Amino acid sequence: MKISSLLVAVLAIFLMVGCSSNPKQDDKDSPDKDTRDPDRAAVFRDQQDPLAERRRLDRDAKLNAAQLYFRARRELDSSDFAGAIESYDDLSKRYPFSDYATQGELERIYALYRNFDHDRATSSADRFLREHPRHSAVDYVHYLKGLINYARDESALNILPVDETKSDVSSHRRAFDDFSLLIQRFPGSRYAGDAYARMVHIRNRLAAHELHVVDFYVRRGAYVAAAKRGEQVIAQYPGTPASYRALEMLVKCYELSGMKQQEEDARKLLAAQERPKGLDQASAENLPRLSDASAPPEKPGFFTRIAGFFSPFDSSKPDA
């Protein structure tokens, strides 16, 4: 009887030990096994990762920056330059470190240029060159700076028949420097050809502007001063149509000043030069013509000075 009771007790202990060591039960109840709900596991990992929230914010910011950029680009393509500028400003303020912000800064310069906001366009171009000196579009920014200064003096008055060579040319000098820097630094740029063509036009215009100063002295009988200014035009702008005209005026000034040797040298130099084609035409750079210098200069009247603002009635440009 005692033996059977002992056997029953040993059997009960064996069954209890076997159930507690069941591997299936251990796998089911073990917290280290990845058999839980995947959503709960992701939440647990995000709670443990301190950068998870930062990555989520970055993803949302990139999506919102793209939306802002493409909205600004649509406005730019539709010629709504004021709206595009506002959208680009919003993009740079809200997401200044995104990839779209850099592209937006570049396109904003063009939008300001097309919106005739030349001062802000120039400052934005200078800031872009300072902040992104190695950007692949640096040559384009230099080209834009030249275009901005080239068009700075353009206005609705340009439709009037006014001689542009008599106006201020300081902005064109800056445009010439911008285009020159572009060609020096990026001779193989796709914009170098157009920049060079604009430089030629600007150089001719600057020379024509200086020639008006020569004509001013001639009309007032200051032939020595006119000769000195004409020499500067020939030295600074050789090969331009204005330089040939300045040489013609130089001969006349030397003749009226009694400077025989200088007159002879100038005539020889003039004879060796080839006359530019179309120089005598009214459309040839709007160059002033030397009037009858032997006659005493006349003081223009009131109505003559008013009419001088318009080329067709400009008394400072005598007929050919």
Side-chain angles (χ1 to χ4, degrees), residues 34 36-156 171 174-175 178-179 181-182 185-186 188-195 198:
D34 194 12
R36 297 170 298 176
D37 183 35
D39 294 335
R40 293 181 59 189
V43 172
F44 179 78
R45 287 194 299 270
D46 290 344
Q47 292 176 351
Q48 298 298 320
D49 188 357
L51 299 179
E53 181 66 16
R54 178 62 180 272
R55 284 197 293 268
R56 184 185 67 81
L57 294 176
D58 290 343
R59 288 194 300 268
D60 294 342
K62 183 176 293 186
L63 177 61
N64 295 334
Q67 293 174 348
L68 276 177
Y69 168 75
F70 286 114
R71 184 182 70 183
R73 185 56 187 263
R74 285 193 300 270
E75 293 170 340
L76 181 65
D77 293 339
S78 61
S79 299
D80 182 11
F81 303 115
I85 293 170
E86 184 177 354
S87 298
Y88 286 129
D89 290 340
D90 191 19
L91 173 63
S92 62
K93 290 177 182 178
R94 295 178 60 183
Y95 309 103
F97 303 108
S98 64
D99 296 335
Y100 294 101
T102 303
Q103 183 65 22
E105 292 176 10
L106 182 63
E107 296 176 4
R108 179 177 176 272
I109 302 172
Y110 176 77
L112 289 169
Y113 157 64
R114 292 298 304 274
N115 202 44
F116 301 101
D117 197 345
H118 299 122
D119 292 334
R120 292 177 61 193
T122 301
S123 61
S124 298
D126 291 336
R127 182 172 62 252
F128 187 91
L129 292 175
R130 289 194 305 268
E131 296 178 355
H132 311 282
R134 299 183 180 277
H135 196 275
S136 59
V138 168
D139 60 333
Y140 174 67
V141 178
H142 282 293
Y143 176 69
L144 272 181
K145 284 190 62 179
L147 291 181
I148 293 167
N149 287 318
Y150 187 84
R152 185 177 290 272
D153 295 331
E154 292 183 357
S155 64
S171 61
R174 292 193 295 269
D178 294 329
F179 290 136
L181 181 61
L182 167 64
R185 293 189 57 187
F186 307 97
S189 172
R190 58 184 296 188
Y191 310 103
D194 184 73
R198 292 178 184 272

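These numbers come from the heavy atoms of this one structure, side chains and all, not from hydrogens, waters or symmetry mates. Everything numeric in this text was worked out from a predicted model, so none of it was measured.
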Discussion item. Before you tell me yes or no, could you show the steps for Leu147 and Arg198 under side-chain contact (heavy atoms from CB on, under 4.5 Å), namely the whole-Å CA-CA distance, both residues' side-chain angles and the distance that decides it to 0.1 Å?
Written reply: CA-CA 9 Å; Leu147 291 181; Arg198 292 178 184 272; 3.5 Å; yes
Does a side-chain N-to-carboxylate-O contact under 4.0 Å join [X] and [Y]?
X: Arg120; Y: Asp117; value: yes
X: Asp89; Y: Lys93; value: no
X: Arg74; Y: Asp80; value: no

Worksheet item: Does the ring centre of Phe179 sit less than 6.0 Å away from the ring centre of His142?
Response: no
Discussion item. With a 6.0 Å cut-off on the ring centroids, do Tyr95 and Tyr100 count as close?
Written reply: no
Regarding [X] and [Y], is there a side-chain donor-to-acceptor distance under 3.5 Å anywhere?
X: Tyr143; Y: Asp194; answer: yes
X: Arg152; Y: Thr122; answer: yes
X: Tyr88; Y: Glu107; answer: yes

Restricting to non-hydrogen atoms, name the atom on [X] and the atom on [Y] that form the minimum distance, rounded to 0.1 Å.
X: Ala121; Y: Ile148; value: CB-CD1, 3.5 Å
X: Ala125; Y: Ile109; value: CA-CD1, 3.6 Å
X: Ser124; Y: Leu112; value: OG-CD1, 3.5 Å
X: Ile85; Y: Ala111; value: CG1-CB, 3.7 Å
X: Ala72; Y: Ala84; value: O-CB, 3.7 Å
X: Leu182; Y: Ala195; value: CD2-CB, 3.8 Å

Worksheet entry | Candidate pair Leu68 and Ser87, rule side-chain contact (heavy atoms from CB on, under 4.5 Å), full reasoning | CA-CA 7 Å; Leu68 276 177; Ser87 298; 5.8 Å; no
Worksheet item: Passes salt bridge (Lys or Arg N to Asp or Glu O under 4.0 Å), Arg73 versus Asp77? Steps please.
Response: CA-CA 6 Å; Arg73 185 56 187 263; Asp77 293 339; 3.2 Å; yes
Inter-residue atom distance [X].[atom1] - [Y].[atom2], 0.5 Å rounding:
X: Lys145; Y: Arg174; atom1: NZ; atom2: CZ; result: 10.0 Å
X: Tyr150; Y: Leu144; atom1: OH; atom2: CG; result: 15.0 Å
X: Tyr110; Y: Asn115; atom1: OH; atom2: CG; result: 11.5 Å
X: Tyr69; Y: Asp90; atom1: OH; atom2: CG; result: 15.5 Å

Practice prompt. List the steps and the verdict of side-chain contact (heavy atoms from CB on, under 4.5 Å) for Thr102 and Phe128.
Written response: CA-CA 9 Å; Thr102 303; Phe128 187 91; 4.3 Å; yes
Worksheet item: Where do Arg190 and Asp139 land on the salt bridge (Lys or Arg N to Asp or Glu O under 4.0 Å) test, with the steps shown first?
Response: CA-CA 9 Å; Arg190 58 184 296 188; Asp139 60 333; over 6 Å; no
Worksheet entry | Derivation and outcome, side-chain contact (heavy atoms from CB on, under 4.5 Å), residues Glu105 and His132 | CA-CA 11 Å; Glu105 292 176 10; His132 311 282; 3.3 Å; yes
Practice prompt. Mark yes or no for whether Ser78, through its side chain, and Glu75, through its backbone, hold a donor-acceptor pair below 3.5 Å.
Written response: yes
